Protein chains: 2
Amino acid sequence: MRILVVEDDDRVARGLLTALRHAGYEVHRVGTAAAALAAPPADVVLLDLGLPDADGLDVLRELRRRQGVAVITVTARGEERERVLGLRAGADDYVVKPFGTAELLARIEAVLRRTRTARASSESSRSLELGPLVLDAASRTVTLRDVPLSLTRKEFDLLALLVGRAGAVVSRDLIVDQVWQSHWEAPSRTLDTHIAALRGKLGDGVRIETIRGVGYRVTEA
Amino acid sequence: MRILVVEDDDRVARGLLTALRHAGYEVHRVGTAAAALAAPPADVVLLDLGLPDADGLDVLRELRRRQGVAVITVTARGEERERVLGLRAGADDYVVKPFGTAELLARIEAVLRRTRTARASSESSRSLELGPLVLDAASRTVTLRDVPLSLTRKEFDLLALLVGRAGAVVSRDLIVDQVWQSHWEAPSRTLDTHIAALRGKLGDGVRIETIRGVGYRVTEA
DNA sequence: CTTCGACGACGAGGATGCGCATGGCTGGTT
DNA sequence: AACCAGCCATGCGCATCCTCGTCGTCGAAG
């Protein structure tokens with residue numbers, strides 16, 4: 001597993017490299033945004049949002065465009081706005097300075113675990129089918145009986161996850177983990193809302209069953 | 001087939017090892033509870049409940065937590081209380097000292113026969129079968145003679161546990177431990193209620209026997 | 001046969017989890 | 001600068017499920 005560290009502070013960077021290499025990763029380090037975009041491909045990018053030569057968010061968006069790379073942002077304490085912007089721009093997770101090695105490694109492993117299936121499937125087929133429903137990951141398009149559907153981002157991610165495990169029950173926890181990163185604790189009706197939206201747009205054609213107390217399951221109608 | 005013998009008495013242990021090895025089993029022996037839990041995985045554990053360094057029942061419960069291992073308890077004559085407690089804690093069978101080699105081998109084979117299907121299926125697909133009953137863990141679906149059944153959450157968990165150990169007695173305590181975590185103390189008719197619901201939905205086709213004072217056992221009708 | 005303990009049947013009460021509608025917020029768009 | 005689509009939080013209503021008490025019944029032991 002290769003990790004790219006984008007960090008301008010030499011001291012911080014050196015500590016990171018030592019810890020990560022010690023954990024068995026292959027690590028490269030760059031200090032500028034330009035170098036980050038030019039660096040060899042990695043599986044995970046540790047991105048400091050406080051870079052000198054460019055807005056870290058631009059780097060993040062560009063990295064996000066390249067499929068299959070996971071991004072963890074690094075921000076200084078208190079810069080909550082930066083963190084949120086990072087997540088919205090597509091970061092998979094974040095850590096706040098100062099952070100411990102154990103926490104960082106845990107988050108790296110969690111992100112890798114989350115993105116493994118996505119990465120594996122994105123390298124092989126990239127298109128899912130379930131009866132009259134066809135889902136193309138590359139173009140993020142959905143057709144139902146050859147009629148294109150217009151889904152929002154969350155709706156697409158949610159449907160892709162469910163169709164990817166069609167026939168099996170997908171727990172609410174897992175859905176929140178994958179579609180929304182950072183599993184929030186507070187019970188919320190947000191997931192239900194998106195499920196309802198999907199049911200509305202899919203009409204019949206695909207059934208989304210509720211498994212009370214567990215999660216959801218999609219089956220061919 | 002690997003057998004783990006947990007026995008502190010050297011003389012008894014030596015006799016067991018000889019007999020079991022002669023019967024063609026691969027046998028390991030430990031003399032303490034701690035060593036038992038640290039030992040390499042086995043298919044059957046012969047557990048002496050009269051251990052010096054810990055309550056044998058604790059060992060039993062921990063072993064039971066590891067799927068696919070069968071446990072036969074060994075107790076001294078007359079310690080009826082121990083035997084019942086052992087069964088309640090999830091033992092598959094028991095022998096009473098002093099016992100003959102023939103009886104022991106017969107019980108081991110019987111236990112292995114009972115648990116084979118459960119072990120094999122748990123390692124391959126996660127779907128359980130018992131005669132006309134098919135239970136799929138991933139989709140949480142149940143069919144009886146190809147007719148889908150609608151079970152509630154507790155009902156499904158309960159049935160899965162029972163079918164997973166089909167043919168063996170599953171103690172009430174163990175059921176409460178697994179299906180409801182945190183064993184409640186107050187005697188309550190909750191478990192009976194769910195058993196009754198299952199019996200109603202399964203009709204014939206599957207028998208759920210009551211073992212008074214111990215637990216339940218499911219068998220093909 | 002009697003007695004005792006455990007289980008089965010049943011029926012509320014309460015708890016839980018979900019669907020849905022609404023309103024505020026934010027980032028992107030024209 | 002104003003607008004708008006998408007997203008998230010909240011609250012209420014409802015259906016379902018779980019729980020638990022009581023009583024009747026049955027099996028086992030003496």
Side-chain angles (χ1 to χ4, degrees), chain A residues 55 57-58 60-61 64 80-91 140 142 149-159 162 169-173 175-176 178-203 207-218, chain B residues 80-81 84 87-88 140 149-159 162 169-173 175-176 178-203 207-218:
Chain A
D55 187 347
L57 290 179
D58 291 335
L60 174 50
R61 264 185 276 269
R64 187 75 295 180
E80 185 139 8
R81 179 181 160 78
E82 290 276 306
R83 293 208 319 265
V84 174
L85 288 179
L87 287 178
R88 283 178 181 270
R140 294 184 70 86
V142 184
L149 288 183
S150 152
L151 299 188
T152 71
R153 261 166 309 180
K154 295 291 183 196
E155 284 165 8
F156 182 89
D157 293 341
L158 176 54
L159 182 60
L162 289 174
V169 175
V170 185
S171 74
R172 293 174 71 95
D173 286 344
I175 293 174
V176 172
Q178 302 268 102
V179 178
W180 291 262
Q181 28 264 38
S182 90
H183 40 109
W184 76 81
E185 299 297 329
S188 157
R189 307 261 61 77
T190 300
L191 173 54
D192 311 77
T193 303
H194 288 269
I195 290 283
L198 275 182
R199 282 180 174 141
K201 290 189 179 180
L202 295 175
R207 252 190 340 202
I208 304 182
E209 294 172 82
T210 301
I211 313 297
R212 213 185 143 79
V214 184
Y216 295 92
R217 170 179 56 199
V218 301
Chain B
E80 187 143 352
R81 177 182 157 76
V84 174
L87 286 177
R88 280 175 180 273
R140 293 184 72 88
L149 290 183
S150 154
L151 300 188
T152 72
R153 182 150 57 115
K154 294 289 185 204
E155 284 164 9
F156 182 89
D157 293 342
L158 176 53
L159 183 60
L162 289 173
V169 176
V170 184
S171 73
R172 294 175 71 95
D173 287 344
I175 292 174
V176 171
Q178 302 270 85
V179 178
W180 292 261
Q181 26 262 45
S182 91
H183 38 108
W184 76 79
E185 299 299 328
S188 149
R189 305 263 62 76
T190 299
L191 173 55
D192 310 70
T193 302
H194 288 277
I195 291 283
L198 275 182
R199 282 180 174 141
K201 291 189 179 180
L202 295 176
R207 252 189 340 203
I208 304 182
E209 296 173 80
T210 301
I211 313 298
R212 274 179 83 83
V214 183
Y216 296 91
R217 169 176 53 196
V218 301

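Residue numbering restarts at 1 for every chain, and letters A, B, ... go by the order of the sequence lines. Note that this is a predicted model, so its numbers are computed, not measured.
Across A:Val169, A:Ile175, A:Leu198, a single residue satisfies side chain to side chain contact (heavy atoms under 4.5 Å, CB included) together with A:Tyr216, and that is A:Ile175.
Listed by chain and residue number, B:Asp192 satisfy the salt bridge (charged side-chain N to carboxylate O under 4.0 Å, His left out) test with B:Arg189 (two or more places apart in sequence, or in another chain).
Rounded to an integer number of Å, the gap from A:Ile175 CD1 to D:dC7 C1' is 17 Å. In this entry the distance linking CG of A:Leu191 with P of D:dA9 reads 12 Å, nearest Å. Put simply, NZ on B:Lys201 is 11 Å from C1' on D:dT16, counting in whole angstrom units. A:Leu158 places its CG atom 15 Å from the C1' atom of D:dG6, with the value rounded to the nearest Å. Atom CD of B:Glu155 is separated from atom C1' of D:dT19 by 14 Å (rounded to the nearest Å).
Within the 3.5 Å criterion, the main-chain N or O of B:Ile211 finds no donor-acceptor partner in the side chain of B:Arg217.
Counting heavy atoms from C-beta on, the side chains of B:Leu149 and B:Leu202 come closer than 4.5 Å. The closest side-chain heavy-atom distance from A:Glu155 to A:Val179 is not below 4.5 Å.
The shortest distance between the side-chain N/O atoms of B:His194 and the OP1/OP2 oxygens of D:dT19 is below 4.0 Å.
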Give the C-alpha distance, both sets of side-chain angles, the deciding distance and a yes or no for side-chain contact (heavy atoms from CB on, under 4.5 Å) between B:Leu162 and B:Ile195.
CA-CA 11 Å; B:Leu162 289 173; B:Ile195 291 283; 4.2 Å; yes

Sugar-phosphate atoms are those with a prime plus P, OP1 and OP2; base atoms are the rest. Using that split, label each nucleotide of nucleotides 8-21 of chain C B, S or - for protein heavy atoms under 4.0 Å, 5' to 3'.
BBB-----BBBBBB

